Amino acid sequence: MVGTQWGDEGKGKVTDYLAREADVVVRYQGGPNAGHTVVVDGEEFRLHLVPSGILYPGKLCVVGNGVVVDPEVLVGEIEYLQSRGRDVSGLRVSARAHLVMPYHRILDALQEQALGERRIGTTLRGVGPAYMDKAARVGLRVGDLLEPASFRTRLEHNLADKNRFLQHVYGAEPLRLEDVLESYLAWGEKLRVFVAETSPLINRAIAAGQKVLFEGAQGTLLDLDHGTYPYVTSSHPVAGGACIGAGVGPTRIDRVIGVVKAYTSRVGDGPFPTELHGEEGDLVRERGHEYGTTTGRPRRVGWLDAVMVRYAALLSGLDGIAITRLDVLAGLPRVKVAVAYRYRGGEIEDFPSSLSVLQECEPVYEELPGWPEPPETPGSLADLHPHARRYVEFVQEATGLPVVLISIGRERGQTISLAPVFEPRPPAR
Ligand code: GDP
Ligand code: IMO
Ligand code: MG
């Protein structure tokens with residue numbers, strides 16, 4: 001399950017809904033930059049690292065090797081769930097997952113400051129710098145926390161280097177080895193019982209015929225390779241990311257579902273063709289309470305962009321989509337969907353790689369009639385207003401993808417399931 005836009009599509013809600021049927025739920029990329037919200041019986045849970053299947057007691061929930069783990073955030077999240085009476089015994093964390101270190105958070109902030117106007121608008125959680133160290137082969141991993149002597153040596157090396165950089169490039173305060181060491185080893189002790197070799201674990205579950213749900217974080221347009229670079233995150237939210245970030249072969253994945261918010265939102269900087277600036281935008285933002293789960297920042301909002309969703313479909317080989325937040329658009333006199341981009345008098349078919357081209361693209365809109373508030377808990381599609389149904393049908397046509405699920409509220413019950421998701425791969429399409 002992947003996000004098809006710029007994140008915050010409602011992946012937490014959809015994961016929680018689908019997880020009822022799954023035996024294992026796996027996060028495969030991203031880190032504490034993610035904020036996945038799950039609401040169960042009126043209780044809200046905001047998850048950053050723990051998979052959104054954790055609210056089913058004992059459910060096997062894996063933080064895969066591709067995730068960057070801030071142990072302070074993870075320990076905090078485990079304790080927060082426990083303090084709310086939740087069972088976290090099914091949690092497993094890959095020993096291969098890289099750690100977010102204090103210098104990553106500091107560097108994230110300093111790099112953003114240095115960029116000034118050109119800043120990316122990161123979540124400041126240290127995620128980009130942690131992935132940089134992973135690629136540079138100097139990263140520290142979750143498994144290292146359990147081997148204090150070598151952790152110390154490697155941290156010492158890293159700190160010497162990072163402190164030089166902090167002091168001489170940015171004029172910032174150096175970090176003290178003993179402080180970092182003490183807190184990280186203490187968190188390591190708390191995490192010890194959860195650390196595992198997760199790829200074999202997941203592969204064994206698949207071989208035994210169990211249902212495994214891969215929970216993407218961020219969204220397709222934030223993908224390091226395929227998104228609106230450089231206004232992207234440092235990992236691969238597309239479906240292929242699940243293979244690397246969980247350690248499973250592409251032949252083991254039966255279906256890929258994209259989560260599509262009924263409109264579009266973006267929390268950081270960068271181009272946004274269907275962005276709404278005036279009153280309509282404010283209305284959608286207020287109705288949708290569009291403020292970041294991780295940072296509280298107001299999210300930018302705009303109409304649904306079918307060009308973007310088709311691009312996401314191609315990159316991840318989507319089999320179907322889950323439409324979320326259909327209720328948020330209720331009450332608007334009319335709604336729009338971008339079906340193509342116009343660029344310098346012509347139409348562009350493929351989502352452009354150049355940001356200056358994207359900036360100049362004018363969405364071609366189709367306008368559809370609005371609909372009133374849906375019932376709190378609709379049983380089926382037939383319970384939705386004909387105009388809401390028409391919108392869903394239109395999205396299906398404009399994206400060329402079957403809708404497998406519709407979400408019209410934050411609770412589990414506010415979901416209409418249209419097709420089974422855990423099915424073996426259908427014959428070639
Ligand atoms: P994620 O990052 O993709 O998991 O999404 P977030 O949790 O950051 O943001 C989605 C927000 O929308 C959360 O507050 C959810 O509780 C909420 N949400 C999810 N689905 C729906 C829906 O169908 N309707 C409404 N009104 N809210 C929803
Ligand atoms: P979920 O999983 C929305 C955005 C940031 C910024 C860019 C880079 O909740 O959908 P980073 O901190 O990753 O280096 O920031 O990516 N971003 C998200 N936007 N939802 C997210 O996660 C995001 N994670 C990162 O706003 O534009
Ligand atoms: Mg989010």
Side-chain angles (χ1 to χ4, degrees), residues 1-17 27-40 42-49 51-52 67-68 70 100 104-105 107-109 111-112 119-132 215-224 227-235 237 258-272 284 287-297 299-300 322-330 373-374 376 378 405-416:
M1 192 210 69
V2 301
T4 59
Q5 295 151 319
W6 278 298
D8 301 329
E9 295 90 350
K11 298 176 295 293
K13 143 102 200 222
V14 175
T15 299
D16 169 74
Y17 181 81
R27 271 280 308 272
Y28 59 84
Q29 45 69 231
N33 50 352
H36 294 185
T37 318
V38 180
V39 180
V40 182
E43 256 194 282
E44 181 186 274
F45 296 86
R46 292 178 178 199
L47 304 166
H48 301 288
L49 284 165
S52 303
V67 174
V68 288
D70 183 328
V100 178
H104 293 141
R105 277 193 307 271
L107 287 168
D108 198 349
Q111 282 161 5
E112 282 283 274
R119 72 181 180 278
I120 292 158
T122 75
T123 60
L124 303 178
R125 296 300 186 270
V127 168
Y131 279 118
M132 282 169 68
E215 175 185 7
Q218 285 78 50
T220 302
L221 275 296
L222 289 171
D223 185 278
L224 182 58
T228 44
Y229 193 89
Y231 298 99
V232 294
T233 192
S234 302
S235 69
V259 184
V260 179
K261 195 187 286 214
Y263 49 96
T264 311
S265 69
R266 170 161 215 178
V267 62
D269 295 275
F272 184 166
V284 173
R287 278 193 57 87
H289 309 288
E290 287 290 1
Y291 298 89
T293 307
T294 298
T295 57
R297 289 180 288 177
R299 293 174 184 152
R300 299 157 67 193
I323 300 183
T324 62
R325 297 189 141 237
L326 193 61
D327 55 302
V328 173
L329 293 183
E373 213 73 56
E376 281 269 303
L405 181 154
I406 301 170
S407 171
I408 51 111
R410 310 179 77 197
E411 289 275 353
R412 281 178 188 164
Q414 297 178 302
T415 314
I416 305 169

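Computed from a predicted model, the values in this text were never measured in an experiment. Nothing fancy with the numbering, it's 1 onward along the sequence. Whatever order the structure lists them in is the order used to number ligands and atoms, beginning at 1.
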Are a donor atom and an acceptor atom from the side chains of Ser52 and Glu215 found within less than 3.5 Å of each other? yes

Indicate whether the side chain of Arg266 and that of Thr228 have a donor and an acceptor atom separated by less than 3.5 Å.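 Looking only at side-chain atoms, Thr228 and Arg266 do form a donor-acceptor pair, the distance falling under 3.5 Å.
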
Examine ligand 2 and decide if any of its atoms is less than 4.0 Å from a heavy atom belonging to Asp108. no

So for Gly30, does at least one of its heavy atoms come nearer than 4.0 angstrom to any atom of ligand 2?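 Under 4.0 Å: no for Gly30.
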
Need one value: angle at the Mg ion (ligand 3), Gly35 atom O versus Asp8 atom OD1, rounded to 10 degrees. 170°

Among Arg297, Arg266, Gln218, which residue places a heavy atom closest to atom 25 (C) of ligand 2?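 Closest candidate by heavy-atom distance is Gln218.
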
For atom 9 (O) of ligand 1, the option (of Gln5, Arg299, Glu9, Gln414) bearing the nearest heavy atom: Arg299

Quick one: list whatever passes salt bridge (Lys or Arg N to Asp or Glu O under 4.0 Å) with Glu411, sequence neighbours left out.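 For Glu411 there are no salt bridge (Lys or Arg N to Asp or Glu O under 4.0 Å) partners, ignoring immediate neighbours.
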
Please enumerate all residues that pass salt bridge (Lys or Arg N to Asp or Glu O under 4.0 Å) together with Asp108, with sequence neighbours excluded. none

If you measure every N/O of Asn33 against every N/O of ligand 2, is any gap under 3.5 Å? yes

Counting from 1, what ligand 2 atoms have a heavy atom of Gly268 closer than 4.0 Å? 26 (O), 27 (O)

Heavy-atom pairs closer than 4.0 Å: do any link ligand 2 to the side chain of Trp6, the backbone, both, or neither? backbone

Could you establish whether Gly409 and ligand 1 come within less than 4.0 Å of each other, counting only heavy atoms on the residue side? yes

Does ligand 1 have an atom that lies less than 4.0 angstrom from a heavy atom of Gly35?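 Gly35 counts as a contact of ligand 1 under the 4.0 Å cut-off.
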
